[in-house]
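We count ligands from 1, going down the list as the structure has it; atoms in each ligand are counted the same way. We count residues from 1, following the sequence as given.
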Amino acid sequence: MSILIRGGTVVNHDHSRRADVLVDDGKIVAVGDKLQGSETIDAGGCYVMPGGIDPHTHMELLFMGQVSADDFEWGTKAALSGGTTMIVDFCIPAPGESMLKAYQAWRHKAEKACSDYSFHMAVTSWSPQVHDEMETVVKTYGINTFKHFMAYKGALMVNDDELYNSFRRCAELGALPLVHAENGDVVARMQQDLLARGITGPEGHSYSRPPEVEGEAANRAIMIADMAGCPLYIVHVSCEQTHEAIRRAKQAGQRVWGEPLVQYLVLDDSEYQNKDWDYAAGRVMSPPFRNKKHQDTLWAGLQSGTLSVVATDHCSFTIKQKRMGAKNFTQIPNGTGGLEDRMPVLWNAGVNSGRLTKEEFVAATSANIARILNMYPKKGAVAVGSDADLVIWDPKATKTISAKKQVSRIEYNVFDGYQCLGVPRIVLSRGKVAWSEGDMRAKPGDGDFVARPANAPVHVANAIWKGKTRPQGVKRVDVTP
Ligand code: URQ
Ligand code: ZN
Ligand code: ZN
């Protein structure tokens with residue numbers, strides 16, 4: 001049964017035009033004028049955009065002793081209600097645990113996903129087993145990205161030697177390494193120093209990981225990727241120090257991408273000074289919100305293209321879970337929500353303010369990450385042959401973000417009270433109406449796992465341009481320890 005989306009304006013990352021969109025059997029089968037379909041959706045006055053893709057989520061993640069509150073059902077429902085039709089979650093094996101075992105556990109958790117999803121695989125230790133399993137993860141599972149934590153000492157953190165080994169392996173496998181860039185050794189010491197000085201509240205979290213600690217790690221990861229001959233993607237970019245490092249690398253021709261979070265674009269570190277402990281602790285995440293001045297560099301990066309993707313790092317914990325750190329900020333589970341609000345907040349603060357064009361909005365919320373993750377134009381485009389993941393966006397409709405009305409399972413929202421002009425009216429997931437004007441139609445299990453092949457076209461150039469991979473006549477360097 002085909003669906004005709006009639007009378008809207010199609011917006012892609014590179015152009016917009018008045019056109020109808022015909023959807024059949026989960027795919028877009030035509031984009032043009034005077035099309036016929038068996039069922040019709042009136043998109044008059046609306047934009048028809050590719051469904052959003054949030055490449056940074058943590059559904060039902062055991063972290064800092066707590067399991068994050070939104071699982072794949074409620075996380076993807078929250079996403080769909082906000083115009084996001086695909087999430088990419090982090091599969092995180094415990095150090096020494098098999099990636100293949102962790103993958104099975106994550107697939108099991110994701111069986112209740114209501115929208116399409118995919119995974120990044122985390123490298124939390126290095127060994128011959130990790131070296132070998134990375135090939136299976138890429139070639140058998142279709143996961144072409146590997147995440148590395150340079151922070152969370154004693155938990156998920158890897159050191160420079162492990163980073164270099166894994167980056168070299170990524171170069172060999174045509175995979176893309178991702179990094180959480182904060183100097184975990186310095187953070188651990190500053191946490192101890194602050195506690196010793198009697199600073200135990202949420203504000204201590206912000207003081208213990210200033211922008212310089214993030215910038216240093218970003219520079220180090222960029223250097224190691226350059227030496228290893230692979231591209232690099234830096235997650236949750238929050239400040240000028242990291243953005244400057246990315247700009248410098250790009251100017252030198254290195255393939256490096258940066259992912260600011262929507263939280264960092266509109267919220268700042270004054271939130272941690274709030275006298276209401278629950279309020280401040282609810283905003284504790286790493287890297288923390290920054291001084292307002294850092295917002296401008298992030299917007300400039302999205303406008304100029306030196307920053308590419310806006311994500312949420314949705315990792316939601318209830319206040320009861322946050323209170324595990326009531327006496328010691330280092331025990332406050334790190335993470336905030338945002339899946340439901342990313343696109344309405346970015347549209348309001350970015351497009352309505354004139355900072356971003358609607359095409360740049362589509363690039364930052366969908367198309368760019370689809371290309372970087374090598375699933376474009378299956379995802380990220382309103383084009384014939386693409387999956388019919390579509391959001392019909394009503395630029396005149398309004399919404400005030402409310403913790404009470406949200407789909408997410410936690411009882412607060414870092415954007416509570418934020419007024420949005422421009423919100424999704426109808427959201428389709430692979431050609432089926434998943435959410436329509438507040439009515440959730442998607443069901444657990446509706447979502448499919450999206451496999452992504454290695455050697456994304458945007459990845460390769462880096463290794464060749466510097467001839468770093470293998471200078472002529474030099475035998476291939478095997479990195480097995
Ligand atoms: O670091 C991350 O990305 C995870 C563990 C979520 N928590 C956070 O504070 N960012
Ligand atoms: Zn992180
Ligand atoms: Zn994260």
query = With a cut-off of 4.0 Å, which atoms of ligand 1 are near a heavy atom of H56?
reply = 3 (O)

ask   = Got a second to check how far I369's CD1 is from D54's CG, nearest 0.5 Å?
value = 9.5 Å

note = So, leaving waters aside, the tally of protein N/O/S atoms less than 2.8 Å from the Zn ion (ligand 3) stands at 3

query = For ligand 1, which atoms, with element, lie under 4.0 Å from some heavy atom of H236?
reply = 1 (O), 3 (O)

ask   = Nearest protein heavy atom to atom 7 (N) of ligand 1, by residue and atom, and its distance?
value = N334 O, 3.1 Å

request  = Could you find the nearest protein heavy atom to atom 1 (O) of ligand 1 and give me its residue, atom name and distance?
outcome  = Y152 OH, 2.7 Å

task = Report the nearest protein non-hydrogen atom to atom 6 (C) of ligand 1: residue, atom name, distance rounded to 0.1 Å.
result = D313 OD1, 3.5 Å

ask   = Does the ring center of Y152 lie less than 6.0 Å from the ring center of F149?
value = yes

query = Think K147 forms a cation-pi with F90, using NZ or CZ under 6.0 Å from the six-ring centre and within 45 degrees of its axis?
reply = yes

task = Give the residue and atom name of whichever protein heavy atom lies nearest to atom 4 (C) of ligand 1, and the separation in Å to one decimal.
result = H58 NE2, 3.3 Å

query = Centres of the H13 and F361 rings: under 6.0 Å?
reply = no

inquiry  = Suppose I only count heavy atoms of H180 and a 4.0 Å limit; which atoms of ligand 1 are within that range?
reply    = 1 (O)

ask   = For M285, does its backbone N or O pair with a side-chain atom of H205 as donor and acceptor, under 3.5 Å?
value = yes

ask   = Under 3.5 Å, is there a donor-acceptor pair between the side chain of N144 and the main chain of A175?
value = no

message = Using a 4.0 Å cutoff against the non-hydrogen atoms of M285, which atoms of ligand 1 qualify?
response = 9 (O), 10 (N)

ask   = Are the aromatic rings of H148 and H180 close, with centres under 6.0 Å apart?
value = no

request  = Decide whether a cation-pi geometry holds between R169 and F167; the criteria are a distance under 6.0 Å from NZ or CZ to the six-membered ring centre and an angle within 45° of the ring axis.
outcome  = no

Where P231 and A225 come nearest, the two heavy atoms and their spacing = O-CB, 4.3 Å

message = Angle between ring planes, F119 versus Y117, binned at 30° and 60°: parallel, tilted or perpendicular?
response = tilted

remark   = For atom 9 (O) of ligand 1, the closest protein heavy atom turns out to be S286 N, 2.7 Å

ask   = Should you measure from each heavy atom of F63, which atoms of ligand 1 turn up under 4.0 Å away?
value = 5 (C)

request  = Answer whether the closest heavy-atom distance between the side chains of L261 and E259 falls below 4.5 Å.
outcome  = yes

